[in-house]
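To start, the structure under review is shown below, and the notes come after it.
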Number of protein chains: 2
Amino acid sequence: MANIHDIARLSGFSVATVSRVINDRPYVSPEAKAAVMKVVRQLDYVPNAMARDLSAGHTMTIGVVTPMRDHPYFTSLTNSITRAAFARGYRVMLLPSQYDQAIEADYLEQLRMKAYDALIFTSHALPLTDILPYAKTGQVVVCHDPGHVAVNAAFTDRGETYVEGCQWLKAHHAKKIGMFLPRTAKLSATSQAMLGAFQQVFGEALPEALQVLDVMNNEDGYQAAQQLAKQHVDGIFTNGDDIAAGAVQYYREQHLALPLMVGQENQLSSQLLNMPTIDHHFRVVGELALRLAVGELSGQHQVASTFISRA
Amino acid sequence: MANIHDIARLSGFSVATVSRVINDRPYVSPEAKAAVMKVVRQLDYVPNAMARDLSAGHTMTIGVVTPMRDHPYFTSLTNSITRAAFARGYRVMLLPSQYDQAIEADYLEQLRMKAYDALIFTSHALPLTDILPYAKTGQVVVCHDPGHVAVNAAFTDRGETYVEGCQWLKAHHAKKIGMFLPRTAKLSATSQAMLGAFQQVFGEALPEALQVLDVMNNEDGYQAAQQLAKQHVDGIFTNGDDIAAGAVQYYREQHLALPLMVGQENQLSSQLLNMPTIDHHFRVVGELALRLAVGELSGQHQVASTFISRA
DNA sequence: TTGTAGGCGTTATCAG
DNA sequence: CTGATAACGCCTACAA
């Protein structure tokens, strides 16, 4: 592999001049430029990206930490982040975490090692207090409401639409309601917000027996429906359209009357099932997150989600 | 930011010794190790990833070129590639291309610049002959049948199941069949294979009027159904379950009799619609592609797809 | 306009 | 066991 010194030697100019030519900088004579370019073409030379990064002191890479790969929430968020990143000349590194604190800590360490210019957590298991120290060095962005913790954040305001979802169930006369939740309520801000909305609308807390935890995908939805069907619920607030679809499948297979259902994510399946859902506008959140990551923005930015009524 | 020289100076040892300590290599006295570690902790030192990469001569990064972000084919392929990559200590860079030849060429150039150790094309618009020259330097992997072109490849053998799909339509007495195809037949191997299967089963080529091109997502499916409904088809071989779902929606809205339909990708929607589909086993393909990228494997590897009959 | 020399931060060789 | 010193390949004051 030819390097800049080879080009310098063969063209009869110095590395400084060669560098100027390949970076299209001023103060180069036409002759020098021609001579250098000729050798560049002959040797099929291209500058080495790693050396450039080291010299420049940045990677132009944004790490995106994602707990799971097959969940639509993360797919749409990553997609919008990627789009925004490329529009600004940044690249995106995919960082799967499976909600493993050790892995997340590892990524944070890599940020310190300058493996990335910034890190976006689409979600995280690590307490915010563990993340905070890293926010000083590189840029760290989280995609949920960090409360009063001073970390850059872009997130949807879910509270409002969760209330609307509960109201919809109430208005359609659901008497016994169950909820599909991601992970336990203590760990997940989503769960907390959903349970809070229930309390607000129905004036009482949702009994634990009617909360199904750790529901993350379509298959989980099928299993979760099994649990709730035993208790004869007539309404389910789910945490995803595709997840709700899994539940529908269970009810259909058992030839049971379908409970009223509310989805989330505004996916294709809620359209097919004619089910109300919530659009969290992750495209917008993703772009905001990236702008925070590259320093175009700072602080905390929230996007209002939209309840889509359907029945 | 502290660097290895700072540690050397403050600990009273040389950079060589410091390097040995932080990399946990032999031939270091306990005293030296203790002294170095103490300073490392004091200064909160971590080695710089870029400098390491430059020194080592590799990035431990695999670029994954993906034409579109919201298509399940690419999502599942990227996911399995990522999983396999991390299992081997590699990272994954997401490279969107929108089937733009200039962008694809750009990524190939970046490969030359050693921005990635290898490049996986989940699909590409660039002719294979343009890609071939780069396959010499870094590792290039394509995810479709490269025919007789000598490039590393992992792909599904679709021919067989496309024939099965056509036979299914025939067995269920579809008389007038339409097809949803991605891009034009000349450009897309998928289209060619689907049309070939039709010819094989029905003994004649599918009239162009019954081919709807450039159908890539759910909305496209809705539009495409509009076109085919005018011609009163009673069977549609689609190129995706979610895409087929878009078509179903159109037929339902118009209160038209639903044609027989075959999907692809084995997504949730085909389950919900009780529609036969084809599983291309992209998880397997993704892992093979990555193993090719990191040099564990070489050559061309094909995976048989599976027809899932449902009605 | 051009070139020299030093810096970016590590790793590796090889003599001590 | 330890340490100078030379890579890795590029950029950029500063000097000429």
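Heavy atoms only: backbone and side chains are in, while hydrogens, waters and symmetry mates are out. Just so it is clear, the structure is predicted and the values come from calculations on it, not from any experiment.
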Taking only the side-chain heavy atoms of B:Asn48 (C-beta and beyond), determine which of C:dG3, D:dT2, C:dT10 contains the nearest atom.
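Of the options given, the side chain of B:Asn48 lies nearest C:dT10.
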
Nearest of D:dA4, C:dG3, C:dT11 to any side-chain atom of B:Ala16?
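Out of D:dA4, C:dG3, C:dT11, the nucleotide with an atom closest to B:Ala16's side chain is D:dA4.
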
Parallel, tilted or perpendicular: ring planes of B:His124 versus B:Phe121, cut at 30 and 60 degrees:
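Rings of B:His124 and B:Phe121: perpendicular, over 60°.
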
With sugar-phosphate meaning primed atoms plus P, OP1 and OP2, does [X] contact a base, only sugar-phosphate, or nothing at under 4.0 Å between heavy atoms?
X: A:Asp53; result: nothing
X: B:Ala8; result: nothing
X: B:Val18; result: nothing
X: A:Ser19; result: base
X: A:Ala32; result: sugar-phosphate

[X] side-chain N/O to [N] phosphate OP1/OP2 under 4.0 Å:
X: B:Thr17; N: D:dT2; value: no
X: A:Arg20; N: D:dT12; value: no
X: B:Arg52; N: C:dG9; value: no
X: A:Tyr27; N: C:dG3; value: no
X: A:Ser55; N: D:dC10; value: no
X: B:Asn3; N: C:dC8; value: no

Is it true that [Y] and [X] share a donor-acceptor pair across their side chains at a distance under 3.5 Å?
X: B:Thr59; Y: B:Asp117; result: yes
X: A:Tyr134; Y: A:Glu109; result: yes
X: A:Ser123; Y: A:Tyr73; result: no

Taking [atom1] from [X] and [atom2] from [N], how many angstroms apart are they, rounded to a whole number?
X: A:Ile22; N: D:dG9; atom1: CD1; atom2: P; result: 13 Å
X: B:Asp6; N: C:dC8; atom1: CG; atom2: P; result: 10 Å
X: A:His58; N: C:dC8; atom1: NE2; atom2: P; result: 16 Å
X: A:Lys33; N: C:dT2; atom1: NZ; atom2: C1'; result: 16 Å
X: A:Met50; N: D:dC11; atom1: CE; atom2: C1'; result: 16 Å
X: A:Phe13; N: D:dA16; atom1: CZ; atom2: P; result: 21 Å
X: A:Ile7; N: C:dG3; atom1: CD1; atom2: P; result: 15 Å
X: B:Leu54; N: C:dC8; atom1: CG; atom2: C1'; result: 9 Å

Exercise: identify the closest heavy-atom pair between B:Val92 and B:Phe86:
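Scanning both residues, the minimum pair turns out to be N-CE1, 4.2 Å.
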
Find out whether A:Ser191 and A:Pro182 are in side-chain contact, i.e. whether some heavy atom of one side chain is under 4.5 Å from a heavy atom of the other.
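Sidechains of A:Pro182 and A:Ser191: in contact.
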
For B:Pro47 and for A:Val28, find the nucleotide of DNA chain C with the closest heavy atom, then tell me which residue's nucleotide is more 5'.
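The answer here is A:Val28.
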
